[in-house]
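Notes follow the structure.
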Amino acid sequence: MQLRGFAVMFLMWATPLVSVRAQTIIPKQELILPIVVNGQLDSNRFFQSTMHFLTTDSPGEVSRRGRDNNGGPLNVACLLAASSAAGDFTGVPGIPLFWSFRICPVLFNPPLESGWIQFTVLNSPPARIDLELLLQERSAAGNRIVSATSIPAVAPAKEFLAPVISTTDNRSAYAIVNPSESETATLTLKLETIGPNTKGLVCQRALSIPPHTRISKFLDELVTNCQLPEDFRVGTLRITSDIPIAVGALNVFFPEGQFVNLPVEAQ
């Protein structure tokens, strides 16, 4: 009896107490990185994009597909053929998964490519996907980072709200993705200002985006029918669609060409 009691006490001491926290498992998540830029900008400067994927428990399966603005393949793994724009991987159940992938390293002198990447995540807790975007410059002392930002993946939605910044030194740029395989997205863009003298709706515009297509433009290129008030500095851009879309935004500084991610919220 004494040995049995000792064995029970030993097992209680030796076995770690594990706190089991219930996790929400989502059967299917669609996430989109709306801004992907990679490759040589000119003889001295280049973009380098790196994807980061994180879940608290490994998903059943993750697939990704990169596309350019017109829906063609975006070669996210430059050592392979263009068909490598598609990729799949699985994790080990019960183990958190962190996955990082550098898109076509500049070591291989990739041409400049721009587009978006669509992820499908099966049987997983909420997944976090980000793109680390660097603009680097070559020099005798080595590569120098000119600008860097992190761009989160977004779930497609029918309405997004994004900030607008417009001065002589910086301009807001937007990427709007239609991930549908067959439907054209019909959009309404509404630009509002919160300037000191002018407030409210400045202009609105209708826009159509074909399937698997991305539009990437500065604000003045996106709302070409808009005459901004002289005191316009900051405002909001509301984008609504009849089908789910994805939106990303950057604030670009001139003349250096630096950039920073602008927060975009689904409504």
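All residue numbers refer to positions in the sequence shown, counting from 1. Side chains are part of it too, since the values below use all heavy atoms of this structure and drop only hydrogens, waters and symmetry mates.
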- Query: According to a 4.5 Å side-chain heavy-atom criterion applied to Ile, Leu, Val, Met, Phe, Trp and Tyr, with indirect links allowed, do Ile245 and Leu219 form part of one hydrophobic cluster?
  - Reply: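 Both belong to a single hydrophobic cluster.
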- Query: Would Phe259 and Ile151 show up in the same hydrophobic cluster when neighbours are defined by side-chain heavy atoms closer than 4.5 Å?
  - Reply: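 Result: yes, single cluster for both.
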- Message: How long is the straight-line distance from CD of Gln267 back to CD of Glu159, given to the nearest 0.5 Å?
- Response: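 Reported to 0.5 Å precision, the distance equals 5.5 Å.
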- Message: Measuring from atom CD1 of Ile145 to atom CG of Leu134, what distance do you get when rounded to the nearest 0.5 angstrom?
- Response: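 The distance works out to 5.0 Å.
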- Query: Quick one: are Val146 and Gln258 in side-chain contact, heavy atoms under 4.5 Å?
  - Reply: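 Yes, close enough: below the 4.5 Å cut-off.
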- Message: Using the salt bridge (Lys or Arg N to Asp or Glu O under 4.0 Å) criterion, which residues pair with Arg144? Sequence neighbours excluded.
- Response: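 In terms of salt bridge (Lys or Arg N to Asp or Glu O under 4.0 Å), with neighbours along the sequence ignored, Arg144 is linked to Glu137.
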Hey, does the side chain of [X] reach the backbone of [Y] with a donor-acceptor pair shorter than 3.5 angstrom?
X      : Y      : answer
Arg214 : Gly115 : yes
Ser124 : Leu122 : no
Asn170 : Asn251 : no

- Does the side chain of Thr120 pick up a donor-acceptor pair with the side chain of Glu30 at under 3.5 Å?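 The answer is yes; a qualifying pair exists.
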- Message: Taking CD in Glu181 as the centre, count heavy atoms belonging to other residues, nucleotides or ligands within less than 6.0 Å. Is the count above 12?
- Response: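 Count not over threshold, so no.
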- Query: Within 45° of the axis and under 6.0 Å from the centre of the six-membered ring of Phe53, does NZ or CZ of Arg64 qualify?
  - Reply: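 Cation-pi check for Arg64 and Phe53: fails.
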- Task: List for me each residue that meets side-chain contact (heavy atoms from CB on, under 4.5 Å) alongside Leu112, sequence neighbours excluded, and say none if there are none.
- Result: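 For Leu112 the side-chain contact (heavy atoms from CB on, under 4.5 Å) partners, ignoring immediate neighbours, are Val37, Leu41, Phe47.
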